[in-house]
Amino acid sequence: MVEIELDGKKVEVPPGSMVMHAAEKAGTYIPHFCYHKKLSIAANCRMCLVDVEKAPKPMPACATPVTQGMIVRTKSDKAIKAQQSVMEFLLINHPLDCPICDQGGECQLQDLAVGYGGSGSRYEEEKRVVFHKDVGPLISMEEMSRCIHCTRCVRFGQEVAGAMELGMSHRGEHAEIETFVGNTVDSELSGNMIDICPVGALTSKPFRYQARTWELSRRKSVSPHDSTGANLIVQVKNNRVMRVVPLENEAVNECWIADRDRFSYEALNGEDRLTQPMLKQGGEWKTVDWQTALEYVANGLKQIKTEHGASAIGLLASPHSTVEELFLAASLVRGLGSENIDSRLRHADFTNLPAQAGTARWLGMPIEALSSLQRVLVVGSNLRKDHPLFAQRIRQAARKGGQVSLLNDNSADWAMPIVQRLVQDSRRWVAELAGIAAAVAQEAGVPAPVNAEVGPEALAIARSLLGGERKAVLLGNAAAHHEKASSLLALAQWIGQHTGAQVGYLTEAANTVGAQLVHAVPGRNGANATEMLSGAVKALLLLQVEPTTDTAARTMLPNAAGMVVTLSPFKTNLDISDVLLPVAPFSETSGSFVNAEGRLQSFHAVVKPLAETRPAWKVLRVLGNLLGLPGFDADSSQAVLAKALPGVAAGGWVDSARLDNSTQAAPDLTPATRVPCVAAIYQLDALVRRAPALQQTADGRDAVAPAAEVSA
C-alpha cells in the first residue's frame, strides 16, 4: 500500500492508484466531468486539478499516480483558482439555456458552475453552434452545443457496450461528438450514455420536455424483463411513470440498465391498456364490474369441473409474473384438483426439470462472478440481445484476458472478442456439443460420454476450457427451449465435471427461477403448455400470456377450450378469450422476482393501479375465495410471499439446496426436428412489445418471429 497525505489526512491506497482514487477512499470530493469510476481515464476536462506539493503546476487528480509520501491539497488557493479557470473556459461556448434544458436540476456542470463559476464572462465573442444530429429513437442529440467533450459517451461505447458508435471528429473549437456517416446509435445499452453525460448534450428522446426533474418522485423497483433483476429508480409525476433510470447495485446490475429496462415504461401509459373487466356476449365485448366478471369465471370453472372433471382446467402463466402471482395461480389450479399449470411457454422439452419439485434451474454462480471468468462456453444464446447486462459482464472478463467460445446457430456480433465460434444448425447442437465433450475426453485422457466426431473447432473449445481457473458453461434461451434440452444439459454437465467449469442456465425471464421454485409447472399427469394450447383442457386461464407471441405454439387452436380467461394489463387475446380481467403491470403492484442467481428481490407499486385495474395476486385470491378453496386468505403480497418461499428474506438468496442443475438424462444424438422458439430482444414480453421507441430501433424493426417448427 502507498500512503499519501490528502488535505492533512493520511490515506493508504494500492500502488498504481490515482489521486482521485485516494480522494474517493478518504471521502473527499474533487470536482470532475470526464472521470467515471467504470470507465478508463481520459483526463481531458481538467476540472479535477489539485495542488501537489513540489509539482510546478496543478495536476489532474484522475491521471496523477500516487507516490509514497505525496502531499496533495484539493482546497488550497492554487487548486481552487485552477478549477475556477477551467470552469471559465468550459462556459465560454456553453449555451446558458438551463431554464429549457432537460438536464436542468440534475446537471453536473450546473452544480459545479455555482461553486466554481464567475458571475459574468470576460468573453464577448459569439458562442459556437454545433448542428444537431439524429441518432435514433432513444437518444436526443438536438443540443450538441452543450457538449463539453468529456468523451464519457465515447468510452462507454468502446469499453462497456463494446461498440464504438460515437467518436470525436475535428479539433479545437470545431471538435464534435458524432456517429459519422449518418449512422444511428443501436446498442442495447445505449440509454446509459444519457445517465453518464454530465451536461444536457445527450438526453432521453421519449422523456424530452415531459417534466422537470424536481417535479418527479423517485421510487425503487426491479426490472420485469430478463433474468438479471436490474434495480431501477422509477420516476413518477401525477401517478404516471415518466422515466426509468438505474439504481446502483454492484452485485446485480452495477450502475447500468438495458434499454428495454429504461424505455419499456412507455407501454404503461399506452392506449392499449385494459382498464375494466370485459365479457364477450354474443360475439361482442362488453364492460362489466369486477363482481360480475369474477362470478362468471368462478361459475364457469365449477361447471367445467362438474361436467369434465378437474383435469379439464388449466392455466398458463408468464414467467414475468411475480412470485406471489405464480404461487396463487398454482394454488388455484391445484386447489381445484388439476395439475395443468405451466410457465415454460417457449419450451419444447418438458422433461428437463430438476428431480425434486420446487427446485429450479439457475445460473450456477453469482452474477458478479461473470465479470471474472477466465474461460466461458455459451451454448444456444444470442448473448448480447438476450441478456445485455450479462453480456456486459462477460465482455469485461474478455477485456481482462478471458476466453469466450460459443456454440450457436448464427455468428451474430456480440461486441466482444470470441476465441472460437462453432456455428451449426440448432438441430445438430447435441452432436456438436458431444464433439466438444469428446475433445475434452481426448485431451484429458478419459472415456468420452458418447462417441462423436471431433472437429477443429470442438478441439479448440475443449483446449480453451481445460485452461484457466474460473470457468463456466452457460446454456442460453435457445438451449433451454431446445427439443433436446435434456441432452444439452447432460453433455454440459459432463464437460463441466471434467474441465472444472460451473454449469448454469442464463434463464429467460425476470422470474423463470421463481416460477420453478413455487412449482408453477405441471405435476404428475399434468398437461404442459403446448398440450394445453392444443386442446387438452376445456377451461384455460392465461396469466399475462399472449399465445401468438409468448409460446412455442405461436397460436391457440380454435375452440381448443370452452372458456378462456385472460388476465392482462392490455387488451389482448380478443379472438380467443371469453373474459378479460385487467391486472396490474409491475409498476402498479407489489411483488417479488427471483433472478438467475437465485436472489429474491421484492418491490412496491410505484403508482396506483390504472382505473379498475387490480393486482393479479388480489384477483387470484378473490377467485380462490369464490371457489371456496383453502389458503386464499392473505391480505398482502408479503403474506403470500411468506407462504410461497418461507424463510427467504427480500434481497436474500434462495437456499442453495433448491437450486439444481443436475440431470440424470442420457445424451440423445438424434437430430432435433425443429428449431427453438426464442423471442427477439424487443419481443420478449408484453411491455417491450408495446413500447413505441423500442419498436422504432434497429432491433425492433428487424425483429422477425422465428418459426415454431421447421421440418428436418
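Nothing here was measured: the structure is a model prediction, and the numbers come from that model.
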Q: Regarding R393 and E250, does a basic nitrogen lie under 4.0 Å from an acidic carboxylate oxygen?
A: no

Q: Would you name the heavy atoms of L466 and E443 that are closest together and state the gap between them?
A: CD1-CB, 3.4 Å

Q: Take R554 and T548, measure what side-chain contact (heavy atoms from CB on, under 4.5 Å) needs, and give me the verdict at the end.
A: CA-CA 4 Å; R554 294 291 186 189; T548 55; 5.9 Å; no

Q: Got a sec, which pairs hit side-chain hydrogen bond (donor to acceptor under 3.5 Å, both in side chains) with one end in residues 153-164, sequence neighbours left out?
A: S40-E159, T151-R155

Q: Main chain of Q356, side chain of T359: is a donor-acceptor contact present, judged purely on distance under 3.5 Å?
A: yes

Q: Any luck finding a side-chain donor-acceptor pair between Q493 and Q497 under 3.5 Å?
A: no

Q: Rounded to the nearest 0.5 Å, what separation is found between the OG atom of S264 and the CG atom of D685?
A: 7.0 Å

Q: What closest approach, in Å, do V450 and A434 show between heavy atoms, and which atom pair accounts for it?
A: CG2-CB, 3.6 Å

Q: From D134 CG over to T184 OG1, what is the distance, rounded to the nearest 0.5 angstrom?
A: 8.5 Å

Q: Checking side chain to side chain donor-acceptor pair (under 3.5 Å) for the pair T351/S486: CA distance, chi angles, key distance, verdict?
A: CA-CA 7 Å; T351 64; S486 299; 3.3 Å; yes

Q: Does the side chain of Q502 come within less than 4.5 Å of L363's, by heavy atoms?
A: no

Q: Output yes when a side-chain donor or acceptor of R152 lies under 3.5 Å from a complementary backbone atom of C197, and no otherwise.
A: no

Q: Measure across A441 and W494 and return the closest heavy-atom pair with its distance rounded to 0.1 Å.
A: CB-CH2, 3.7 Å

Q: Are any of the side-chain nitrogens in K37 or E248 under 4.0 Å away from the carboxylate oxygens of its partner?
A: yes

Q: Please verify the inter-ring angle class for H481 with H347; under 30° counts as parallel, over 60° as perpendicular, anything in between as tilted.
A: tilted

Q: Side chains of Q424 and E432: any donor to acceptor distance under 3.5 Å?
A: yes

Q: In terms of side-chain heavy atoms, does Y682 have a donor or acceptor partner in D702 at a distance below 3.5 Å?
A: no

Q: Does either side chain, that of N192 or that of R262, offer a donor lying less than 3.5 Å from an acceptor on the other one?
A: yes

Q: Side chains of L684 and H320: does their closest heavy-atom pair fall under 4.5 Å?
A: yes

Q: Could you note down all residue pairs passing salt bridge (charged side-chain N to carboxylate O under 4.0 Å, His left out) where residues 397-411 supplies at least one of them, sequence neighbours left out?
A: none

Q: Using the rule given for side-chain contact (heavy atoms from CB on, under 4.5 Å), can you reason through M164 versus V154, listing the C-alpha separation, both sets of side-chain angles and the distance that settles it, and then say yes or no?
A: CA-CA 7 Å; M164 186 178 174; V154 178; 4.0 Å; yes

Q: Ignoring hydrogens, what is the shortest heavy-atom contact between Y35 and C62? Give both atom names and the distance.
A: CD1-CB, 3.9 Å

Q: So, the side chain of N661 versus the backbone of R361: is there a donor-acceptor pair under 3.5 Å, distance only?
A: no

Q: Without hydrogens or angle criteria, can the side chains of E165 and T179 be said to hold a donor-acceptor pair below 3.5 Å?
A: no

Q: Thinking salt bridges, do K133 and E176 make one under a 4.0 Å N-O criterion?
A: yes

Q: Quick one: CG on L39 to SG on C34, what's the gap to the nearest 0.5 Å?
A: 10.0 Å

Q: Under 4.5 Å between any side-chain heavy atoms of F586 and V222, yes or no?
A: no

Q: Please find the pair of heavy atoms, one from G476 and one from S381, that lie closest to each other, and give the distance.
A: CA-CB, 3.6 Å

Q: Using modelled atom types only, decide if a donor and an acceptor are shared between the side chain of T499 and the backbone of I495 within a distance under 3.5 Å.
A: yes

Q: Looking only at atom types and distance, does a side-chain atom of R395 sit under 3.5 Å from a main-chain N or O of A161, one as donor and one as acceptor?
A: yes

Q: Determine, step by step, whether E546 and R690 satisfy the salt bridge (Lys or Arg N to Asp or Glu O under 4.0 Å) criterion, reporting the C-alpha distance in whole Å, the side-chain angles of both residues, the deciding distance to 0.1 Å, and the verdict.
A: CA-CA 13 Å; E546 299 173 81; R690 290 172 172 83; 2.9 Å; yes

Q: Can R384 and D699 be counted as an ion pair, charged N to O under 4.0 angstrom?
A: no

Q: Distance alone, cut at 3.5 Å: any donor-acceptor contact between the side chains of T507 and S227?
A: yes

Q: Just how far is it from atom NZ of K38 to atom CD of E254, taken to the nearest 0.5 Å?
A: 4.0 Å

Q: Got D386 and L506 here, is their nearest side-chain heavy-atom distance under 4.5 Å?
A: no

Q: Are the side chains of T670 and V430 in touch, meaning some heavy atoms are under 4.5 Å apart?
A: no

Q: Are E188 and K385 within salt-bridge range, i.e. N to O under 4.0 Å?
A: yes

Q: Within a reach of under 6.0 Å around CG of D413, are more than 12 heavy atoms found that belong to other residues, nucleotides or ligands?
A: yes

Q: Set out, in order, the CA-CA distance, both residues' side-chain angles and the distance that settles side-chain contact (heavy atoms from CB on, under 4.5 Å) for L345 and L316, then state yes or no.
A: CA-CA 8 Å; L345 306 178; L316 293 181; 4.2 Å; yes

Q: The test is side-chain contact (heavy atoms from CB on, under 4.5 Å); show your working for V648 and D655 and say whether it passes.
A: CA-CA 8 Å; V648 183; D655 183 0; over 6 Å; no

Q: For the residue pair D259 and G191, what are the closest heavy atoms and their distance?
A: OD1-N, 2.7 Å

Q: Answer whether the closest heavy-atom distance between the side chains of V473 and L491 falls below 4.5 Å.
A: no

Q: With a 3.5 Å distance limit and no angle check, can you tell me whether K471 reaches the backbone of V376 through a side-chain donor-acceptor pair?
A: no

Q: Could you tell me the separation between the CG atom of L389 and the CG atom of D261, rounded to the nearest 0.5 Å?
A: 6.5 Å

Q: Could you check whether any side-chain N or O of Q544 sits under 3.5 Å from a backbone N or O of S318, counting only pairs where one atom can act as donor and the other as acceptor?
A: no

Q: Can you tell me how far apart OG (S343) and CD (Q516) are? Round to the nearest 0.5 Å.
A: 7.0 Å

Q: Let me see the working for R346 and E508 under salt bridge (Lys or Arg N to Asp or Glu O under 4.0 Å), right down to the final yes or no.
A: CA-CA 10 Å; R346 295 188 175 97; E508 178 185 39; 2.7 Å; yes

Q: Under 3.5 Å, is there a donor-acceptor pair linking the side chains of T673 and E483?
A: yes

Q: Mind checking whether F263 and S204 have side chains closer than 4.5 Å, heavy atoms only?
A: yes

Q: May I ask you to decide if Q696's main-chain N or O and R701's side chain share a donor-acceptor pair within less than 3.5 Å?
A: yes

Q: Regarding R689 and D550, does a basic nitrogen lie under 4.0 Å from an acidic carboxylate oxygen?
A: yes

Q: Does S223 reach the side chain of I257, with side-chain heavy atoms less than 4.5 Å apart?
A: no

Q: Would you find a donor on one side and an acceptor on the other, under 3.5 Å apart, between the side chain of S487 and the backbone of D668?
A: yes

Q: Within the side chain of N511, is there an N or O that forms a donor-acceptor pair under 3.5 Å with the backbone of V594?
A: yes

Q: Any side-chain donor paired with an acceptor under 3.5 Å for T228 and H387?
A: no

